[in-house]
J.: 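The following block contains the structure, expressed as structure tokens.
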Protein chains: 4
Amino acid sequence: MARLRSPEKRRAILEAAVVEIADAGLGAATAKIAARAGVAEGTLFTYFANKDELLNELYVELKLEVYERLNTAFPHSASLERRAWHVWSSSLNWSIEFPQKRKVSLLLNLSAVVTPESRARLAEQRSVMDAMLAELGSREPLRGLPAGYAASLMASVQEATMDFIAKGVRQRKALVERGFALFWRAVR
Amino acid sequence: MARLRSPEKRRAILEAAVVEIADAGLGAATAKIAARAGVAEGTLFTYFANKDELLNELYVELKLEVYERLNTAFPHSASLERRAWHVWSSSLNWSIEFPQKRKVSLLLNLSAVVTPESRARLAEQRSVMDAMLAELGSREPLRGLPAGYAASLMASVQEATMDFIAKGVRQRKALVERGFALFWRAVR
Amino acid sequence: MARLRSPEKRRAILEAAVVEIADAGLGAATAKIAARAGVAEGTLFTYFANKDELLNELYVELKLEVYERLNTAFPHSASLERRAWHVWSSSLNWSIEFPQKRKVSLLLNLSAVVTPESRARLAEQRSVMDAMLAELGSREPLRGLPAGYAASLMASVQEATMDFIAKGVRQRKALVERGFALFWRAVR
Amino acid sequence: MARLRSPEKRRAILEAAVVEIADAGLGAATAKIAARAGVAEGTLFTYFANKDELLNELYVELKLEVYERLNTAFPHSASLERRAWHVWSSSLNWSIEFPQKRKVSLLLNLSAVVTPESRARLAEQRSVMDAMLAELGSREPLRGLPAGYAASLMASVQEATMDFIAKGVRQRKALVERGFALFWRAVR
DNA sequence: GATGAATGAGGTTTCATTCAT
DNA sequence: TATGAATGAAACCTCATTCAT
């Protein structure tokens with residue numbers, strides 16, 4: 001099954017899925033995804049056992065893409081604020097560059113198709129970010145709040161910021177910075 | 001006179017839609033919605049011309065529910081913080097009480113089915129909240145940011161908070177307060 | 001059932017049916033017919049037991065309309081040609097005046113809904129025309145052909161003529177006359 | 001390579017459509033057509049995008065069948081009467097052989113589903129017949145009548161003739177000849 | 001009698017998945 | 001392995017008819 005004769009085809013399918021799902025939601029037809037990927041309808045099922053598996057793989061790939069960026073050039077020994085900024089800006093810039101991927105990521109997150117197994121596959125790549133967020137969570141303003149609250153808070157403030165960038169607001173770079181400033185005021 | 005179209009049945013359909021969509025996404029079958037509402041498949045279409053209209057009506061009703069709460073006992077002449085707190089707590093409490101409604105509201109927001117007309121129908125009810133948010137947006141930390149950023153920011157921090165409440169965390173009341181405190185630190 | 005409280009309503013329904021069926025074929029919805037007639041959906045079924053009965057009644061009414069015209073001022077003692085011309089012109093003029101009725105009449109004729117009983121109900125009114133056609137059929141050019149061939153032939157040449165009149169050709173009166181001339185050349 | 005779309009299956013669907021539509025009108029269910037053709041419900045839609053397209057294709061195929069017959073062995077240099085007879089007999093014989101096809105052709109003609117594009121697709125095959133009819137239309141009895149009247153007239157007299165043949169009258173060959181004789185008396 | 005909401009069978013069409021080629 | 005025709009369940013929606021009011 002998962003004998004990926006051609007990694008390019010697998011990639012083409014995943015990228016086609018992003019476009020189709022961003023456009024039509026998770027109900028996007030596998031036939032359309034295949035067509036956009038330039039492969040036959042049946043071929044899709046030699047790379048992914050079924051649609052759910054495709055969606056799970058997609059979820060993991062998208063998340064990995066973000067974490068990879070984030071882990072690259074992570075300033076391990078810098079101040080907490082600089083580390084927080086690194087996480088903030090690298091993930092937010094990904095959202096800005098690939099708004100469709102971000103939307104698909106959101107849709108998948110809200111749906112029931114993503115399995116705990118898929119989420120678990122991300123643990124290792126998340127570790128760097130998680131450590132930073134844990135440190136953040138142990139500081140005064142967040143103390144006593146559930147583990148993960150800091151992550152959720154950062155993600156959500158990014159959401160708010162992204163919404164405006166997606167709407168086409170000009171001052172992208174400024175917004176990224178102002179958004180972080182607000183976040184940091186809250187948690188510092 | 002024949003039987004009158006009954007508001008209860010309309011309500012039953014909308015409520016059934018919430019449950020089914022929270023469970024299965026916007027792809028939830030109209031037949032299932034009708035069944036859960038205790039009406040025949042065809043009956044659904046005497047209340048809503050088609051599925052899209054049902055979804056739009058649902059969107060509007062859900063938003064109105066929140067705004068109604070929020071407009072009730074709004075402390076018009078209180079301090080900005082107290083007014084912000086009123087908005088925060090009343091809308092967040094709605095999300096806590098009706099997590100399925102909140103989820104459906106999110107899904108509808110992300111989808112392309114909600115028409116500008118539907119959004120426009122909410123303008124009047126939003127005015128009280130919008131005025132408060134505009135005042136907030138004009139203060140130092142948010143100055144210069146696009147109009148609406150304050151609203152988006154509040155909504156997103158609520159999101160983060162809700163995520164934990166939805167996961168079943170005990171200290172609901174405390175979380176609502178801590179969440180607001182964080183938000184307020186950011187924007188005050 | 002057939003207690004026609006209001007003959008006007010019955011008539012309104014039949015006329016609405018003509019318009020709707022001319023537009024949408026025999027599949028025209030009873031609800032639309034009722035709406036156009038200005039009565040409630042259910043009311044239609046107090047005047048006609050079901051759709052098939054409505055269609056049969058409609059068929060009979062349309063045919064009777066034509067025969068009534070034809071029987072009015074029929075020149076019983078004139079020459080065969082004058083009598084043929086009377087039949088020709090009176091029925092063709094009806095088609096010209098009411099092209100929708102004509103179309104519906106054709107559709108009903110082709111369909112399987114019209115029962116032999118409905119056709120039988122027209123016998124009496126057809127007698128005058130039938131006698132003329134029988135006389136025509138017994139003359140040389142048609143001798144030996146099946147009974148009814150003359151009727152069918154006349155109807156069909158009228159069809160051809162109507163097709164052009166329906167297309168909006170100007171010289172209506174001339175066409176009616178030229179058409180008859182051709183018919184008469186064939187059968188005289 | 002996957003299985004190729006089979007011309008036989010396409011043909012089977014079109015033939016099944018003829019039978020079902022002759023029986024039930026244009027409202028004939030696609031599911032029934034598919035079943036009679038021996039294919040799955042969905043398969044019908046791999047051969048025809050939707051029911052309207054199926055009906056349009058059917059219309060074109062039926063007309064082409066007639067024109068093909070008519071163009072075969074057409075006596076281009078014979079007298080006008082012989083050429084008219086060729087058109088008459090070849091098309092009428094088709095109607096006699098395939099009364100269901102003829103009925104379906106009539107129904108399609110009366111309906112609104114057949115597009116101008118479909119009609120246009122027939123132009124080339126009609127040219128031989130059209131030339132003969134144009135010559136006929138320029139002669140004395142038809143002079144001054146709209147172009148196409150001759151065609152319409154012939155078709156309609158054929159209709160009349162077919163009606164009797166369809167009713168099972170024995171002397172088919174004789175009827176075809178007598179019908180033409182009548183037509184020719186009218187237009188010669 | 002008149003009304004129109006309610007019904008559910010049945011219509012067309014879509015789609016994930018299989019499988020012959 | 002790659003293909004895309006074939007499948008049939010299931011989706012949305014329509015409609016003739018019934019029946020409470």
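Numbered from 1 within each chain, the chains take letters A, B, ... in sequence-line order.
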J.: Is there a side-chain contact between C:V60 and C:N56 (heavy atoms, below 4.5 Å)?
T.: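 C:V60 does not reach C:N56 side chain to side chain.
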
J.: For D:I13 and F:dA6, what is the distance between atoms CD1 and C1' respectively, to the nearest whole Å?
T.: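 In whole Å, F:dA6 C1' lies 11 Å from D:I13 CD1.
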
J.: So which of A:E15, A:E65, A:E61 actually passes salt bridge (charged side-chain N to carboxylate O under 4.0 Å, His left out) with A:K101?
T.: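 When A:E15, A:E65, A:E61 are each tested with A:K101, the salt bridge (charged side-chain N to carboxylate O under 4.0 Å, His left out) holds only for A:E65.
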
J.: Calculate the interatomic distance between B:R5 atom CZ and E:dT7 atom P; express it in whole Å.
T.: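 Atom-to-atom, B:R5 to E:dT7, this comes out as 14 Å.
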
J.: Roughly how far, to the nearest 0.5 Å, is the CD atom of B:E20 from the CD1 atom of B:I13?
T.: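 It comes to 13.0 Å.
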
J.: Treating B:Y47 as the side-chain partner and B:L14 as the backbone partner, does any N or O pair qualify as donor plus acceptor under 3.5 Å?
T.: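 Side chain of B:Y47 to backbone of B:L14, a donor-acceptor pair under 3.5 Å: no, none is there.
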
J.: Could you tell me whether a side-chain N or O of B:K51 sits under 3.5 Å from a main-chain N or O of B:L26, the two making a donor and an acceptor?
T.: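 Yes; at least one donor-acceptor contact below 3.5 Å.
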
J.: How does protein contact run along nucleotides 9-14 of chain F, one letter per nucleotide 5' to 3', with B for base contact, S for sugar-phosphate only, - for none, heavy atoms under 4.0 Å?
T.: -BSSBB

J.: Look up atom NZ in A:K103 and atom OG in A:S95, then write down how far apart they are to the nearest 0.5 Å.
T.: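 If I round to the nearest 0.5 Å, the distance is 14.0 Å.
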
J.: In whole Å, I'd like the distance from the CZ atom of C:R10 to the C1' atom of E:dG1.
T.: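 Between C1' of E:dG1 and CZ of C:R10: 17 Å.
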
J.: Under 4.0 Å between a side-chain N or O of D:K9 and OP1 or OP2 of F:dA5?
T.: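 No.
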
J.: How close or far is atom C1' of E:dT12 from atom CG of D:L55, stated in whole angstroms?
T.: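 Whole-Å distance recorded here is 12 Å.
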
J.: Within a 6.0 Å radius of atom CD on B:E124, are there more than 12 heavy atoms belonging to other residues, nucleotides or ligands?
T.: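 Incorrect, the count does not exceed 12.
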
J.: Quickly work out the D:F48 CZ to F:dA6 P distance and round it to whole Å.
T.: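 Rounded to the whole Å, the gap is 12 Å.
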
J.: Measure from CD on B:E8 to C1' on E:dA5 and round the result to the nearest Å.
T.: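 Those two atoms, CD and C1', are 14 Å apart.
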
J.: Convert the base pairs of DNA chain F into dot-bracket notation, remembering that pairs crossing earlier ones are written with [ ] and that bases paired across to another strand are shown as |; include only Watson-Crick or G-U pairs under 3.5 Å.
T.: .||||||||||||||||||||

J.: Any side-chain N or O of C:T43 below 4.0 angstrom from OP1/OP2 of E:dT3?
T.: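 The answer is yes; a side-chain N or O of C:T43 sits under 4.0 Å from OP1 or OP2.
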
J.: Any side-chain N or O of A:Y47 below 4.0 angstrom from OP1/OP2 of F:dA2?
T.: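 Answer is yes, contact under 4.0 Å.
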
J.: Look at the side-chain N and O atoms of D:T46 and state whether any lies under 4.0 Å from the OP1 or OP2 oxygen of F:dA5.
T.: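 Checking F:dA5 against D:T46, no side-chain N or O comes under 4.0 Å of OP1 or OP2.
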
J.: Rounded to the nearest Å, what distance is computed from the CG atom of residue A:L44 to the P atom of nucleotide E:dC15?
T.: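 Going from A:L44 (CG) to E:dC15 (P), I get 14 Å.
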
J.: Just so I know, are the side chains of A:L55 and A:L108 near enough to count as touching, which here means a heavy-atom distance under 4.5 Å?
T.: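 The answer is yes; the side chains approach within 4.5 Å.
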
J.: Less than 4.5 Å apart, any side-chain heavy atom of D:E68 and any of D:K63?
T.: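 No, every pair of side-chain atoms sits at 4.5 Å or beyond.
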
